[in-house]
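Here is the structure we will look at.
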Protein chains: 2
Amino acid sequence: MGPVLLQPKIAQCFSRSSFSGKETLYRWVFRCLELAIRKGELEAGFKLPPTRLLAEALGIARNTVKTAYEMLLSEGYIESRVGDGSYVAELPQDLINPGHKSKKARADLPLSEYAQQYISLPPLNSDIRKILQPGIPALRDFPLGQWKRCLSFASSFKALESFPPAGDLKLREQIVDYLLKFRGIEADPEQVLITSGSQQAAFLTAQLLLNKGEKVIVETPGFPGTSGVFSSLGCQIDALNMEEAVSIDSDARLINLTPSRNFPLGHTLSLSQRLKVVQWAEHNNSWVLEDDYDSEFAEGYPVSALLSICESDRVIYTGTFSRSMFPALRLGYMVLPPKLVTVFTRARRYMDGGLSQVVQVAMAEFMGQGFYSRHLKKMRQHYIKQADHMLKQIEKTSLSELALISAPGGMHLVLKLPDCIDDRAMVGELDKRGFGIRALSGYCQQGQSMNGLVIGFCVDKEEVIKPGIEEVASLYKALRDKA
Amino acid sequence: MGPVLLQPKIAQCFSRSSFSGKETLYRWVFRCLELAIRKGELEAGFKLPPTRLLAEALGIARNTVKTAYEMLLSEGYIESRVGDGSYVAELPQDLINPGHKSKKARADLPLSEYAQQYISLPPLNSDIRKILQPGIPALRDFPLGQWKRCLSFASSFKALESFPPAGDLKLREQIVDYLLKFRGIEADPEQVLITSGSQQAAFLTAQLLLNKGEKVIVETPGFPGTSGVFSSLGCQIDALNMEEAVSIDSDARLINLTPSRNFPLGHTLSLSQRLKVVQWAEHNNSWVLEDDYDSEFAEGYPVSALLSICESDRVIYTGTFSRSMFPALRLGYMVLPPKLVTVFTRARRYMDGGLSQVVQVAMAEFMGQGFYSRHLKKMRQHYIKQADHMLKQIEKTSLSELALISAPGGMHLVLKLPDCIDDRAMVGELDKRGFGIRALSGYCQQGQSMNGLVIGFCVDKEEVIKPGIEEVASLYKALRDKA
DNA sequence: TGAGATTAGTACGGACAAATT
DNA sequence: CAATTTGTCCGTACTAATCTC
């Protein structure tokens, strides 16, 4: 190494190549010696070179080496005596021995039952953006400037401090105002719990209201994310077929519905069906989890929420901003019956302690300034235009022979495929070509199979929709003719 | 009403006074009829007047009435037949009847076992800011301007779209860099999971690695939030007394530690103790949850993290930004052994689907620009000064006869109280006077009782600390003399 | 920043086809 | 057959909000 001679044992600890440049010099010295001690190359009692000597040998300052020695000392790797020197400390030998790593890794990871359930669930769709993908809003038209101003407001001093686990009070108040004005729901800010979206709302609900083995009713087709929450908990899933008349005679503990617009079909539960559900829940001492999915983009006038037509203490209402604002926002809310408020907020404190205040304050400001309702209005119009355009394109192609089985409005449409074409296979092929179109059967519970394509029309421009639909049509024709 | 005669039943539905002027005309018509139907005044099968007639009677346009009828139809309140008329629909009678609300509410809420556990746990401290409160950083010195710029960066177009449930990739990379540089931890961004703080990290870990009834070891004293997570899950809690030598011969499934700085005492587990813990975990096929609490503000060089001294696949490392940045940020991370990455990210998707991307992107930018490490450095110096000042003040008062049992550094200090003074009672009295000082016994598990005061020195100015300490001292003197 | 053009939402009136009695 | 009623279409007028220059 340098002109100064080190013992070979020490010298071989330091190789220039192991210095990454990213870390500090003294850390590197520390790391080299630490490794040598842990590997057992420098055994207990071994006398390290004086800092002065090592520094010179390595061509660095003595202080740097001294710092490294200090770190080793404070960690307990070495013992130093003034006037004597530094010695490697006595440490449990079998831990120092590098051989212990080689012992075969245990194959069985001790996971919880719960985790086992999750592994058995199908992974949810990834979030890579593709063409004609459903569920993604028209980000191009998002008022970035206004949002930026709101975020800037959220970085003011006041927003740094408090973080009620239930969520920012201002935001909860804004949500209450919004729900009253647009959904006819009368609620108190106390009842509102800020979540990261319907998914977390379902999770909290499941955790706090359901026990393993209990029955839960979910829609089919429906969103697999929420039903996954229930099955991961070890609940028994009863599918409620949305194609048929709704009749509930189950002893389920909870029913999870999207009454105003079913996902993905967009169908609406009729008033009497909605009333029956609540009646059933009250009679059966069960719960209703109402996901007010997509009501913002319902065609014409959105139907009343379950919660507004009956002030039942059985209904938990959830909504999300991520679909109306932008996906990465991940902000939503739930409205709880007053009786559940204490349990939920208390548990929340232990589960995640509440979400980041920053986005909450920004969102409250965004709503308070009227930006939100203005944006919604615009999006509604925009999506109607987009849907119209896509339908016109479909009319021009062979896809026009497929039945449109989704209700008007929303952010996507659903085309029914003939039985001879497997929607998953077709979507798999489309995926390879860069399409984010989903298979309808992917949203069905066991026992039901619906064959169809779920096509989003929100985000893509007309120049993309036209050739996109044409490519889908030509693939369809090819598959149809082959079958 | 008008010259046109309506049936009295219909006429009495509409009273001019109920029209607020704020709502639209057609909504008012809708609401009047809806109410009458729900009240049962218009029974099922009742024929509504033709739109033309009602319009004339009310003195409004037919189209307005038609819009209202359309809404009633789409909600399911009425049925319309062309050429015939509109009739009130058949609806479940006992729900329409307003009397059904009067039936006595069920007393027993069907909650999960899990929720029952939460109710039995003590509520965690509220977040109202008080004097000398521990755990709150010096917000005054937070670089708001830099943070604002980072937030502004986070509202750019690109940040709107993707939201990997594990967290923003850029942030995970920054965290990996930080951990390597400051904590000597080598990890891959893949292993990092963004959380809302240590609390959520503990929750996720508990959910996915522990079953009901299994044993967990926690420190005492320690943070009650994380131990609460385990006991809510129905785990058996074994307390590890930090005052005594650490020896583990338990068959626990998991040990939760703050090895670099115990909370609230700030004590450090020695190297050989830390090695023993990992050895135990590997031998016992158990897990170590390492909360690297407060290592940023350790005195001198922080000791290496468990994770850095042994690349064991048993160690889960967690850290948080909320204490170094600001409490309302609620952002943290965990580093998982590679084997657990799949389970955790997959489960995460179902639990909350990931956190808001906005703060993550901002935080990544904040770190990437070097603002974070600069801020940390400043805070470290500042807190040393603050601690020094507080200690000096304590020296001047009767509090100087109390033993300082916390390690130097950190964000608070701990004074031991004599047995004759109950710390909870004293803190209760202090709370009334606006102090956020905590009782040490509040952090102890059953079977241990330590009597002391946990006093924060970060946030308050010198002008507050001086009289604050004096008031605490005079209360102490009063209590001591009484006992 | 502000005046002028544009657009959406509400309310109104009328015409006519389709279905029912 | 005629009378009635809903559903769909047209156009107009006014207001408030939004966009553009």
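Every chain is numbered from 1 and lettered A, B, ... according to where its sequence line falls, protein lines coming before strand lines. A quick note: this is a predicted structure, and the numbers were derived from the prediction, not measured.
- Between B/Leu73 atom CG and D/dG7 atom P the separation is 6 Å, expressed in whole Å.
- Mapping B/Arg52 and B/Gly59 onto DNA chain C via the closest heavy atom, the residue that lands nearer the 5' end is B/Gly59.
- Between A/Phe321 and A/Tyr372, the two ring planes are perpendicular [angle over 60°; tilted spans 30° to 60°].
- Phosphate contact (OP1/OP2 of D/dC19, side-chain N/O of A/Lys378, threshold under 4.0 Å): present.
- A sub-4.0 Å separation between OP1 or OP2 of D/dT6 and a side-chain N or O of B/Ser80 is absent.
- Applying the 4.0 Å criterion to OP1 and OP2 of C/dG9, one finds that A/Gln381 has a side-chain N or O inside that range.
- Mapping B/Lys47 and B/Lys66 onto DNA chain D via the closest heavy atom, the residue that lands nearer the 5' end is B/Lys47.
- In terms of phosphate contacts, B/Tyr26 brings a side-chain nitrogen or oxygen within less than 4.0 Å of OP1 or OP2 of C/dT10.
- Listed nucleotides C/dA11, D/dT6, C/dT20 differ in distance to B/Thr64; the shortest reach to its side chain belongs to C/dA11.
- Between A/Ser198 and the choices A/Leu289, A/Asp291, A/Asn256, the side chain to side chain contact (heavy atoms under 4.5 Å, CB included) rule is met once, by A/Asp291.
- Contact annotation: B/Thr24 side-chain N/O to C/dG9 OP1/OP2 distance is not under 4.0 Å.
- Among all heavy-atom pairs drawn from A/Ala407 and A/Gly266, the shortest one is CB-O, 3.2 Å.
- In summary, the side chains of B/Ser86 and B/Ser80 do present a donor paired with an acceptor at a separation below 3.5 Å, with no hydrogens or angles considered.
- The separation between B/Arg62 atom CZ and D/dT4 atom C1' is 12 Å, rounded to whole Å.
- Here the side chain of B/Leu25 is nearest to one of C/dA11, D/dC9, D/dT6, namely C/dA11.
- The pair A/Glu462-A/Lys466 does not meet the salt-bridge criterion, since no charged nitrogen lies less than 4.0 angstrom from a carboxylate oxygen.
- Here the C1' atom of nucleotide D/dT5 and the CG atom of B/Leu54 are 14 Å apart, to the nearest Å.
- A donor and an acceptor atom never sit less than 3.5 Å apart when one is taken from the side chain of B/Arg81 and the other from the base of D/dT4.
- Of all nucleotides listed (D/dT6, C/dC12, C/dG9), D/dT6 comes nearest to the side chain of B/Tyr69.
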